[in-house]
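Order of the sequence lines fixes the chain letters, A, B, ..., with proteins taken first and strands second; residue numbering starts at 1 for each chain.
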There are 2 protein chains.
Amino acid sequence: MTDTTTYTEAEERIFEAALQAFARKGKDGARMQEIADAAQINKAMLHYYFRSKDKLYAAVFAYVFQRFFAGIGAAVEEAESFEAVLRTFITGYIDFLKDHQDVVRLMVNENLSGGEAVVQQVSTLKSADGNPVRALITRIAQATKTGEIRPVDPFQTALTVLSSCIFFFIVYPTMREMNPGVARDRDGFLEERKAHLIDLLVHGLHPRS
Amino acid sequence: MTDTTTYTEAEERIFEAALQAFARKGKDGARMQEIADAAQINKAMLHYYFRSKDKLYAAVFAYVFQRFFAGIGAAVEEAESFEAVLRTFITGYIDFLKDHQDVVRLMVNENLSGGEAVVQQVSTLKSADGNPVRALITRIAQATKTGEIRPVDPFQTALTVLSSCIFFFIVYPTMREMNPGVARDRDGFLEERKAHLIDLLVHGLHPRS
DNA sequence: GTCTATATCTCGATAGAC
DNA sequence: GTCTATCGAGATATAGAC
């Protein structure tokens with residue numbers, strides 16, 4: 001189930017509709033009928049194309065999982081100084097998340113309900129040796145050895161960076177309610193967020209006497 | 001629906017069972033039957049006590065919402081230096097989250113499905129003037145003015161601190177899969193996490209020339 | 001207050017005509 | 001490939017005996 005999988009026009013619409021439904025209501029909460037409606041297709045055709053709800057979910061999740069980590073990978077590649085890595089990563093990943101919010105929601109939903117689908121997908125990353133999280137961790141470890149940054153735990157640091165970028169999109173409804181300014185100028189807030197995170201992490205990781 | 005609400009013994013059991021079910025499978029995915037079973041009660045009694053699934057969910061969410069922010073509040077109070085605030089908050093809040101993982105899951109689930117229940121609850125915090133997130137933000141703003149820390153955006157900083165503490169618990173299944181060491185010694189990992197976050201943030205916020 | 005039995009509805013899935 | 005009609009499982013909710 002790689003990225004090379006191709007779909008017909010109808011299947012594409014189903015896919016997008018299913019992603020949106022599963023992301024908002026989870027695997028159990030989503031309804032085949034609403035997916036069919038959103039895809040402008042008959043409900044019977046949904047089963048004709050994807051056999052069952054489980055199979056549809058599995059296909060959508062596999063797609064989302066690859067996307068989620070591809071977004072990370074694209075941001076780590078090709079950067080010289082570690083500060084440039086940090087800058088590129090934070091900017092690139094927040095932009096990616098902004099454009100793929102359903103991807104985040106589905107990933108989180110899957111984790112909340114146990115994450116059984118995650119298990120199989122993780123092995124995909126390992127075997128391909130293209131795990132972008134590991135790439136980020138390795139890059140951090142490298143920078144601690146060269147003295148480019150303070151001696152920090154690479155795994156913890158990577159987790160902190162990811163947390164700080166992703167969490168906002170998860171709790172956006174609460175954020176919006178507590179600080180209406182966030183909703184009034186969402187893009188502006190996200191630009192501020194990038195700057196804040198780069199500033200905080202560069203200072204937090206900078207070597208000291 | 002304040003904390004002063006009292007419940008009978010049976011209602012307490014229902015409450016705990018419902019929290020667990022809603023947290024793992026969401027409002028739609030959770031089943032009244034499984035809640036009844038877990039509460040060691042007849043399914044009809046569930047409706048006798050709480051009328052409907054919607055009302056049960058509303059009651060559980062209100063309880064969880066208060067708990068979630070009370071956990072933040074308890075950690076901000078009574079600390080002298082800002083570094084002490086940071087230390088107390090991170091230690092206290094991670095410990096709180098560790099002991100109330102279903103609270104996190106339910107909060108996130110609600111946000112993923114639109115967060116309609118959040119709207120009413122936020123007004124509760126505002127009117128009571130006991131919004132602990134605002135307290136944290138105020139404390140950060142204060143520290144920037146006295147020069148105790150660098151001039152940073154208080155809202156962004158508070159969001160970063162919360163993100164870094166909470167996110168791990170949301171994506172734990174994925175973490176465990178990518179780094180089995182996390183599952184082998186969970187408590188140890190969380191102690192490391194506290195130390196890492198305190199270290200990173202203290203350095204990141206420390207005033208510089 | 002407690003439980004059994006059941007009404008009512010909704011969902012996933014399929015049969016079968018076209 | 002496409003659609004209508006429907007089956008059967010399982011869900012919420014309630015009626016009514018005790």
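Judged as a ring-ring contact (aromatic ring centres under 6.0 Å, His included), and not counting sequence neighbours, B:H47 has no contacts.
Between the CD atom of B:E11 and the C1' atom of C:dT2 there is a distance of 15 Å, given to the nearest Å. For the pair A:E9 CD and D:dT2 C1', the interatomic distance rounds to 16 Å; values are reported in whole Å. What separates CG of B:D37 from P of D:dA11 is a distance of 11 Å, to the nearest Å.
Residues A:T160 and B:S164 share a closest heavy-atom pair of CG2-OG, 3.7 Å.
A salt bridge links A:E191 and A:K194; the closest N-O separation between the charged side-chain nitrogens and carboxylate oxygens is under 4.0 Å. With respect to B:K27 and B:D54, a salt bridge is recorded, a charged nitrogen being found less than 4.0 Å from a carboxylate O.
Looking at heavy-atom distances under 4.0 Å, A:F50 makes no contact with the nucleic acid at all.
Under 3.5 Å, the side chains of A:Y172 and A:R176 contain no donor-acceptor pair of N or O atoms.
The local environment of CD in A:E192 is crowded, with over 12 non-hydrogen atoms from other residues, nucleotides or ligands closer than 6.0 Å.
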Quick tally for nucleotides 3-18 of chain C: nucleotides whose base has a protein heavy atom under 4.0 Å get B, sugar-phosphate-only ones S, the rest -, giving BB------SBBB----

